[in-house]
Each structure stands twice: as C-alpha cells, then as structure tokens.
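Heads up: the structure comes next, in structure tokens.
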Amino acid sequence: MHRQDFLKALAVLPLATAMNSLQDLHKTASSFQKTAKMPVLFVGHGSPMNALADNPFTQTLHQLGHDIRNRQPPRAVLVVSAHWLTRGTFVAVNERPETIHDFGGFPQELFDMQYPAPGAPDVAQEVLQALPDAYPTEEWGLDHGTWTVLHHIFPEADIPVFQLSIDYYKPLTYHAELSRQLQFLRRRGVLILGSGNIVHNLRQSMPKLMQGDATPYAWAQEFDEWAKAKINQRDLHALAHYQQAGASGPLSVPTPDHYIPMLYSLALAEPADDIRHAYEEVSFGGMSMRTFVVG
C-alpha cells in the first residue's frame, strides 16, 4: 500500500467506527414496535418554585401523569422547552442528562433538587434521522422548563427524557412545520411535551409578584382567551401571527421564547384528536398557566 493510501485509510478508520455505531443505534431504534398513539402535552410551567409547590396547578400535573401511565406508559419523553434557545436545531443525546438550575434568587431547596431521569439516545437518533438539519449534542441536560414539570408528572424519574432545542432565529411558522416531522414518535411510545407560557410578560408581572397580587391584567386575560379559541380551532396560522389579536398580542408575547413550545404541541394534533384544556389560569398580571392535552 502506498504511504498516501495508508494515511487515507488511517483517517477514515475513526469515521467508519463512528458511522457503524450510528448505524447500529439507528437499527436498534428502528426496531421499536408501533404503539397506540400517545397524547401530546403543552404545559404552562410558570415559576421554578412550582417544583416545590402543592397547588391546583401541580396537582393537575400529578393527575396528568397518573392518567398517561394508566393509558400507556411512555417509552420516552421528548421536551421542547422555552429555556433551550439555539442557532440551529439540536437534539440532546446524553445517556445521563444533568439537572440544570438555570435561574437565580431562589431558595437553596430548589437548587438542591435533582431529576435523575435517564436520557434517550436511541430515540434521539430517530429524531436526528427525521430532522436531517438537526445536530446531536451532549452539551445540554434538563433545564427548569423540563424538570420542574416532570417532577410532578412522573415523580419517580424513571422514564427516559431528552430535549429538542428551539432555533430562535427561525420564523414561528418554521417551528410548526418542523414539529409535524415528529408525528411518527407518537406511535413509537414517545410523549412529546411543549413547556412554556402562552402569556409571559415578566416585566409587567414583576410589580404584582412583589406585592403578592395574583390578579391578571385585562390584556393578558383577553389574549389567553383568544389563544384558547385559536387552539381549539387548530388555527396555527393565526397563532403564528399573534399580532392580529390586537394590542394584547405584543403585550402578552413580548418575546416568543415561551410561546413557541405551544406551536410545537399544537402542530402535532391530528384531525381525530381531542384538545382538552387541563388547567386554565392567568396570574400575577401577565402569566398564563394554560395547560392542554392533545389526543
């Protein structure tokens, strides 16, 4: 063998090994049997302090988890969280994702909490196959949009969990289109969960939070009801152009980070799916805790 050919062979060996590993993983993932169709959730996660709370909202999450387990325990949970914003789309492939405490100014008890669920690299590979422009990463774990919610839905932390990032530089319609490419996961035993808040204006809410005043602003209540109507109509076009709701739109969605996960959840609704609003509340001025179930 010529020296040049030998060097080429050496360069290819690690790549070939990696490709074989990916192919083996894809074969394993592709072998999963079809299941009954899983529901889809959107959860208005609100403050990280909900992880420690026992209130009507967290009790609703407990009941949702109980109902899902009784119906069909998920093989894995895929979360689209408002708190993983990227340029490009990334899929977390960690075998043991860390619990990320991505906040400040809260009690030590909250920072001490862990959600030690395993990752789902096999299912993540299926997502990467379905989304050819997405990239795998081990640089992310479970942010508070994920674990503070799953702590109540599946408190045993025994179901594998992984996250899909939000490409913050894409238009809102892009996210609905991307989400539809994940429809097959619902028949592979995967629970897909969007975690954000339909109304999320912290600047306007902060004075009420400081005063302990939970009453909503009229504009927040108005937009939450407008969004509910559009969700029931499955009107993704209107929801992606929320400014058409009038002045309440920009006030309720000053930035789209917490709004986008709702589009992911709704885009997965099929014509025969029911949409049930499991929890409805607008509190502390401009924070909607609306939570709904698709299917």
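Computed from a predicted structure; not experimentally measured. Counting begins at 1 with the first residue of the sequence.
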Side-chain heavy-atom pair Leu64, Thr291 within 4.5 angstrom cut-off | yes
Qualifying residues under side-chain hydrogen bond (donor to acceptor under 3.5 Å, both in side chains), relative to Lys37, sequence neighbours excluded = Glu270, Asp273
What's the shortest heavy-atom distance between Pro116 and Arg96, and which atoms?
-> O-NH1, 3.7 Å
So, Asn50 and Ser47: side-chain donor and acceptor under 3.5 Å apart, yes or no?
-> no
Would you say Asp122 and Glu126 make side-chain contact, with heavy atoms under 4.5 Å?
-> no
Does any non-hydrogen side-chain atom of Phe162 lie less than 4.5 Å from one of Val77?
-> no
Indicate yes or no: at least one non-hydrogen side-chain atom of His152 is less than 4.5 angstrom from one of Gln63.
-> no
Aromatic centroids of His241 and His237 separated by under 6.0 Å | yes
Using the side chain to side chain donor-acceptor pair (under 3.5 Å) rule, take Gln244 and Tyr242 through it: C-alpha gap first, then chi angles, then the decisive distance, then the call.
-> CA-CA 5 Å; Gln244 68 183 239; Tyr242 59 85; over 6 Å; no
Can you tell me if Gln59 and Asn55 form a side-chain donor-acceptor pair at under 3.5 Å?
-> no
Can you find a side-chain donor-acceptor pair between His175 and Tyr264 that sits under 3.5 Å?
-> yes
Would you kindly say whether Ser288 and Asp224 are connected by a side-chain donor-acceptor distance under 3.5 Å?
-> yes
Please report the C-alpha distance between His45 and Trp147 in whole Å, then the side-chain angles of each, then the deciding distance to 0.1 Å, and finally whether the ring-ring contact (aromatic ring centres under 6.0 Å, His included) criterion is met.
-> CA-CA 10 Å; His45 63 247; Trp147 66 265; over 10 Å; no
His83 versus His144, side-chain donor and acceptor atoms under 3.5 Å = yes
Counting only heavy atoms not in Tyr135, do more than 12 fall under 6.0 Å of its OH?
-> no
With no hydrogens and no angle check, is any side-chain donor or acceptor of Asp257 less than 3.5 Å from a backbone partner on Ala82?
-> no
Any side-chain heavy-atom pair from Leu52 and Glu109 closer than 4.5 angstrom?
-> yes
Minimal heavy-atom distance between Thr86 and Ser165, with the atoms involved, is OG1-OG, 2.8 Å
Spell out, yes or no, whether Val91 and Leu85 are grouped together once hydrophobic residues are joined by side-chain heavy atoms under 4.5 Å, including indirect joins.
-> yes
Under the side-chain hydrogen bond (donor to acceptor under 3.5 Å, both in side chains) rule, collect the residues that match up with Trp140, sequence neighbours excluded.
-> Asp143
Using modelled atom types only, decide if a donor and an acceptor are shared between the side chain of Asp213 and the backbone of Lys208 within a distance under 3.5 Å.
-> no
Leu41 backbone acceptor or donor facing Ser265 side chain under 3.5 Å | yes
Name the one of Leu193, Leu191, Leu268, Val294 that satisfies side-chain contact (heavy atoms from CB on, under 4.5 Å) with Pro39?
-> Leu191
Test: Lys228 cationic atom under 6.0 Å from Phe292 six-membered ring centre, within 45° of axis | no
Taking the side chain as every heavy atom from C-beta outward, state whether Gln72 and Thr35 have any pair of such atoms under 4.5 Å apart.
-> yes
